2 protein chains.
Amino acid sequence: MTASPSDDRPRPASIRDVAEAAGVSITTVSHALNGKGRIAASTRERVRRAAKEIGYRPSASARSLAGGRTGLLALSVSSPTDLLLSLADVDYFMQLTNAATITALEAGYALVTLPVAKDESLLTRVNVDGAVIVDPVARDPSIAHLRERGVPVVTTGRELGSEERGWWVDNDHRASTRWALDHLEAQGAKRVALITGPPIVSYSADLIAAYTGWCAERGYEPLTETVTRSATEAGGYAAATRLFTRSPPPDAIYVGLDRLALGALLAAQARGLSVPGDVLLAACTDSAASRAADPPLTAVNLGPERIGHAAAEMLIDLVEGREPAEAHRVMPVELVVRDSTERMAARV
Amino acid sequence: MTASPSDDRPRPASIRDVAEAAGVSITTVSHALNGKGRIAASTRERVRRAAKEIGYRPSASARSLAGGRTGLLALSVSSPTDLLLSLADVDYFMQLTNAATITALEAGYALVTLPVAKDESLLTRVNVDGAVIVDPVARDPSIAHLRERGVPVVTTGRELGSEERGWWVDNDHRASTRWALDHLEAQGAKRVALITGPPIVSYSADLIAAYTGWCAERGYEPLTETVTRSATEAGGYAAATRLFTRSPPPDAIYVGLDRLALGALLAAQARGLSVPGDVLLAACTDSAASRAADPPLTAVNLGPERIGHAAAEMLIDLVEGREPAEAHRVMPVELVVRDSTERMAARV
DNA sequence: GGTTTATCCCAAAACGCTTTGGCGAAGTCA
DNA sequence: TGACTTCGCCAAAGCGTTTTGGGATAAACC
């Protein structure tokens, strides 16, 4: 049978029913079930059984109302000026979200995934106990809003301009960039270019800073293309095409997002350039598409599950009034070398 | 300033504060703000202004408790026997989810994305007003659970065995399969094979049925491989490899999921078979990876946004006690022809 | 002028839980 | 034995809404 909208079924068991069934007061039931007050073990057990027996499920609303917490956490991508980065990296976001969802559920919270909020009120309309903001852009009004209301916020990636304040989880993008650049150099690259988004999010800024520093150390002139419109294949294609018209053109490109990299790959191949024969290509984020590309792309695995887990964990600490062990957590990364940067690799 | 966990800020404005500010009772405030009772236009306006002035935001918990609704909708992938299909199709799922989230928010609901629930209690732990279940497997206990509790459920894809009951949104997979198969035939295929998951979800069953029927009409012997383990590239690779050992081997493969198709592509190329030269390849779902593959894969675009939107819309109708216009909605699909099935296409 | 009918608003009762403060009974110590 | 303490439980006061069932007042009708 499907449930008809106008079904009137018996109302669900309440704490009062449990109290009656167990022959105690509702106070005792509440305490017994939540492990709060001082309750004899036998009583606790009796209450538990009674609750189970009659299929008691506490009402989240009542609990929130009385306890002051909703049990909801928000996870949102910060609102960029436009849709630039939204869903730029589906795989990354999905894995991060999944890990955070699971962590939240294990702690008794539900995680609401809010989309990029053009309308800042979205984040304020749903009543959440805390929020994870992925890749915050500096001075995001909706983050400020949340903080004003006393809602704890953990960001993945730092808020540029207020690095020390706030709680965040991040990768060490500077280190990973150097790692990748060194790898490209070791594979024989003489002129490494960078394609990235604008430095409105911390990882783009980190990439640019690390790249610039790396070039300076070697006396190279930086060769950078910034994608400002859409961080999709098309954007990467255009940026790479521009790079190839420089003289001398780059013989290796490090790209900030996997979709940009896939676009860059197309651009190279469209010009008859072989990857990795003529140009080496590596990306800062990994994905199924990068793995499946021809040739498969060397990429930095940022460990999105770790990030999502850590962020949720930190947020829950904050929500429950515990001081997190560290205000800032830097998570490890891993360079996954694939054919796109292997000079020795056989071309398919 | 970041919010410290032990911040004690003034408690947020309640309906009582608004009532006081506007010089009316809380009943009037409630009615004015929700457009319920009969309120003089002037009073309504005065209340609205007062509410805005003091920054009143109704408490979702209190509202749920009193009104009996939580304002939460769940979206979940049905629990398959194992992780078989979970996230098989990230792109599809993501787009569907996003559309549903937006639709929900526009109607004043928040959408909670619940992960594949090994533990059936997950779906029951969060108190939701309704649930969208993506690709339900037959007799999923958590769906039954929800229905028992009177929680409306809309599925995307049908529940096999109870097709007529229940509300669902689906694609016409039989039609799209025939479309794709006809296309393969038109491109010269003489022996078309099928790779798909086991028929525990309706679209797999539809694919198999449509394929079998199509073969029967032509007097062909069906050539099917079922992926039972994991619907990833590896699974597709293995299935395709098995197909190529048949004699005669297929000269075209229609694949149920994009990741399986990408695996099949790898398998073909690993055996030195050219796509589309020696084997045509088409997939039932589209994705960025399919587009970016070499060659790009012909695929059926199922319109996940449309599905997500329609499902959320239908669910909200049910939650709010309206009878949806139709109990079953079949959404259009589109065959996107790319190089992998173009006999005429130049090989890269 | 009295009766009816609209109109606008309000008091009070839920909704189901958490938490505070307290009260007997039983145990402990001298 | 009395004075404390600890233990095990409970009554009652919220938490911030929605909703029900009127009650004033004003307008309309005869």
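Any value given below was found using the heavy atoms of this structure, including those in side chains, with hydrogens, waters and symmetry copies removed. Here is the naming used below: chain letters follow the sequence lines, and residue numbers restart at 1 for every chain. Predicted model only: the values in this text are computed from it and were never measured.
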Atom CZ of Arg16(A) and atom P of dC17(C) are separated, to the nearest Å, by 8 Å

Distance check: side-chain N/O of Thr28(A) vs OP1/OP2 of dC10(D), anything under 4.0 Å?
-> yes

Whichever of Arg63(B) and Arg38(B) has the more 5' nearest nucleotide on DNA chain D, that residue is Arg63(B)

note: His31(A), atom NE2; dT19(C), atom C1'; distance rounded to Å ~ 6 Å

Separation of dC15(D) atom P from Arg57(B) atom CZ, nearest Å, is 18 Å

Closest to the side chain of Ala66(B), out of dC15(C), dG8(D), dT18(C), is dC15(C)

When rounded to whole Å, the CG to P distance for the pair Leu33(A) and dG16(C) reads 16 Å

Ile39(A) CD1 to dG8(D) P, in whole Å, measures 9 Å

Taking dC9(C), dT18(D), dC17(C) as options, the one with an atom nearest any side-chain atom of Ile26(B) is dT18(D)

Q. When you check the phosphate oxygens OP1 and OP2 of dT19(C), does a side-chain N or O of Lys36(A) lie under 4.0 Å from one of them?
A. yes

Value for CE (Met94(A)) from OG1 (Thr97(B)), rounded to nearest 0.5 Å, stands at 6.0 Å

Count the heavy atoms of every other residue, nucleotide or ligand shown that sit under 6.0 Å from CD of Glu53(A), and state whether that count exceeds 12. no

Ranking dG16(C), dT19(C), dT17(D) by distance to the side chain of Ala62(A), first place goes to dG16(C)

- Message: When you measure from the side-chain N and O atoms of Ser25(B) to the phosphate of dC10(C), is any distance below 4.0 Å, counting only OP1 and OP2?
- Response: yes

Taking dT17(D), dC9(D), dT18(C) as options, the one with an atom nearest any side-chain atom of Asn34(A) is dT18(C)

Asn127(A) CG to dG16(D) P, in whole Å, measures 12 Å

Does atom CD (Glu305(A)) have a neighbourhood of more than 12 heavy atoms from anything else shown, all under 6.0 Å? yes

Discussion item. Does Ser14(A) reach a base, just sugar-phosphate, or nothing at all? Heavy atoms under 4.0 Å.
Written reply: sugar-phosphate

Next on the checklist: Assess whether a salt bridge exists between Glu159(B) and Arg147(B), defined as any Lys/Arg side-chain N lying under 4.0 Å from an Asp/Glu carboxylate O.
Outcome noted: yes

Picking from dT17(D), dC9(D), dT18(C), the nucleotide nearest the side-chain atoms of Ile15(A) would be dT18(C)

- Item | Presence of Ser30(A) side-chain N/O under 4.0 Å of dT18(C) phosphate oxygens OP1/OP2 | yes

Practice prompt. Give a yes/no on whether any side-chain N or O of Thr43(B) is located under 4.0 angstrom from OP1 or OP2 of dC9(C).
Written response: yes

Testing dC10(D), dC9(D), dT19(D) for proximity to the side chain of Val24(A), the answer is dC10(D)

* Asked: Ser25(B) and Thr28(B): side-chain donor and acceptor closer than 3.5 Å?
  -> yes

From CG of Asp17(A) across to P of dC15(C) the rounded distance in Å is 11 Å

*asked:* When you compare the side chains of Thr27(B) and Ser30(B), does any donor N or O come within less than 3.5 Å of an acceptor on the partner?
replied: no

Between OH of Tyr56(A) and P of dC17(C) the distance, given in whole Å, is 3 Å

